[in-house]
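This is the structure, below, for whatever I ask next.
The basis for the numbers below is simple: all heavy atoms, side chains too, and nothing from hydrogens, waters or symmetry mates. Predicted model, so just to flag it, every value in this text is computed and none were measured. Just so you know, ligand 1 is whichever comes first in the structure, and atom 1 is the first atom listed for that ligand.
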Amino acid sequence: MNLSLPKAERHLTPLFAFMLLGSTFLFAGEHANAQQSAGVSISVKDHRFQPSRITAPANRPLSIRVKNLDSAPMEFESVSLRVEKVIASGGEGVVNVRALAPGRYEFFDDFHQEARGVLVVE
Ligand SMILES: [Cu+2]
């Protein structure tokens, strides 16, 4: 039925097919990437995050390893990441986070709220 299409649309058809093919490859690439998780580490000492700014790649699940070097328990918490985890003094915990869109995600110690940091996803 291609022949009954107006001339302009007949020209568009190969372009459309090409775009479809391109987006299929793009999707396959993103899918492969999404399966690999990334890891970042952070410590807390004297109620300060070290470092207070961490970076991570976008569109990949993320494991955040938090070491508590203080003599009091802390709670790693983030509203935008929707996580909270209590970590005993001298202990460590892993917070697993979904694949994230690029942006800034703030976190804090819910037991000592002066301790704040940011995860920059890019
Ligand atoms: Cu909390």
Nearest to the Cu ion (ligand 1) - the N/O/S atom of Asp110, by atom name: OD2
Close side-chain approach of Asp110 and Gln113, heavy atoms under 4.5 Å: yes
Atom pair CG (Leu119) and CD1 (Ile64), whose distance is rounded to the nearest 0.5 Å: 5.5 Å
Phe49 and Phe76 aromatic ring geometry - parallel, tilted or perpendicular at 30°/60° bounds: perpendicular
The Cu ion (ligand 1) - name of the N/O/S atom of Glu75 that sits closest to it: OE1
Greater than 12 external heavy atoms within 6.0 Å of Arg65's CZ: no
Identity of the N, O or S atom of Glu84 lying closest to the Cu ion (ligand 1): OE1
Of the N, O or S atoms in Glu77, the one nearest the Cu ion (ligand 1): OE1
